[in-house]
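See below for the structure under consideration.
Owing to the predicted nature of the structure, the values given are computational and were not obtained by experimental measurement.
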Amino acid sequence: MSNQTLNPFELLGLEPTFDVVPTLLDKAYFSRQTLSHPDRFIYHTEPERLAASNQASALNHAYETLKNPALRAKALLKLRGIDFGDDPSKTVQDPIILEEMMDLQEKIEEAASPDDFKRIESQIQERLKDVMTAFSSSLQKDQDKDLLRGYLTLTYLSKMIGDLKTRQRQSSVKVL
């Protein structure tokens, strides 16, 4: 089976689960990456070097996918035959999720002090933890509707963390 047809869990030799143990993920990634690192193939033929390079790239992508809760959720949904493509926003029709994200976005825009940023980040991380727990539970109970909602919430919370860090950088630049 070529690497293009393997899902990230298969590539790293892990069970397809949302509750990936970080130390096992790291161990699986580094052991496979060591075997296929392009530097090990420097004296091999061009096709072998290219294959090693492709393998290393596929392993990097799989590792990054499984480290990120939203991307890991997306990979698991894809294994269930549910694929959003690259734009999950096309499917957002849940007013509760939208309202929650608009409220968070407003708090991020209004944040002015380091304490504000810490409080908001803590709030987002706590919410992220709750959504991850709920997503894992829904996955075990085959509750597809809740899985979609969980995935969308994970995606938006991940985006909010990025927005918060950007806003925090912009704020610190203004202070200097």
If the condition is side-chain contact (heavy atoms from CB on, under 4.5 Å), which residues does Gln123 pass it with, not counting sequence neighbours? Leu104, Lys107
Roughly how far, to the nearest 0.5 Å, is the [atom2] atom of [Y] from the [atom1] atom of [X]?
X: Leu147; Y: Leu152; atom1: CG; atom2: CG; value: 11.0 Å
X: Ile124; Y: Arg119; atom1: CD1; atom2: CZ; value: 11.0 Å
X: Met132; Y: Asp19; atom1: CE; atom2: CG; value: 8.0 Å
X: Gln105; Y: Ile120; atom1: CD; atom2: CD1; value: 10.0 Å
X: Glu10; Y: Glu15; atom1: CD; atom2: CD; value: 10.5 Å
X: Leu35; Y: Arg40; atom1: CG; atom2: CZ; value: 6.0 Å

Sub-4.5 Å side-chain heavy-atom contact between [X] and [Y]:
X: Leu50; Y: Asn54; result: yes
X: Arg149; Y: Ile96; result: yes
X: Arg80; Y: Asp142; result: yes
X: Asp103; Y: Glu100; result: no
X: Tyr63; Y: Leu11; result: no
X: Asn68; Y: Lys74; result: no

Which atom pair, heavy atoms only, marks the closest approach of [X] to [Y]?
X: Phe41; Y: Arg49; answer: O-CG, 2.9 Å
X: Ala112; Y: Ser171; answer: O-OG, 3.9 Å
X: Leu14; Y: Ala28; answer: CD2-CB, 4.1 Å
X: Leu12; Y: Tyr29; answer: CD2-CA, 3.7 Å
X: Ser36; Y: Leu59; answer: OG-CD1, 3.3 Å
X: Tyr151; Y: Ala70; answer: CE1-O, 3.4 Å

Met101 and Leu157: CA distance, side-chain angles, deciding distance, side chain to side chain contact (heavy atoms under 4.5 Å, CB included) verdict: CA-CA 8 Å; Met101 296 310 134; Leu157 288 173; 3.8 Å; yes
Between [X] and [Y], is there a donor-acceptor pair closer than 3.5 Å when you use the side chain of the first and the backbone of the second?
X: Ser57; Y: Ser53; value: no
X: Thr34; Y: Phe30; value: yes
X: Ser137; Y: Thr133; value: no
X: Glu109; Y: Glu106; value: no
X: Thr17; Y: Val20; value: no
X: Thr166; Y: Gly162; value: yes

Less than 4.0 angstrom from a charged side-chain N to a carboxylate O is my criterion; do [X] and [Y] meet it?
X: Asp163; Y: Arg167; value: no
X: Arg127; Y: Asp130; value: no
X: Lys118; Y: Glu121; value: no

Could you state whether [X] and [Y] fall into the same hydrophobic cluster, counting links through intermediate Ile, Leu, Val, Met, Phe, Trp or Tyr residues with side-chain heavy atoms under 4.5 angstrom apart?
X: Leu79; Y: Ile82; value: yes
X: Leu71; Y: Leu66; value: no
X: Leu24; Y: Leu76; value: no

Listed partners of Glu48 passing side-chain hydrogen bond (donor to acceptor under 3.5 Å, both in side chains), at least two apart: His44, Thr45
Between Phe135 and Phe18, how do the two ring planes meet: parallel, tilted or perpendicular, split at 30° and 60°? tilted
Give a yes or no on whether His61 atom NE2 has more than 12 heavy-atom contacts from other residues, nucleotides or ligands under 6.0 Å away. no
Could you list the cluster mates of Ile42? Members are the ILVMFWY residues connected by side-chain heavy atoms closer than 4.5 Å, either directly or through other members. Tyr43
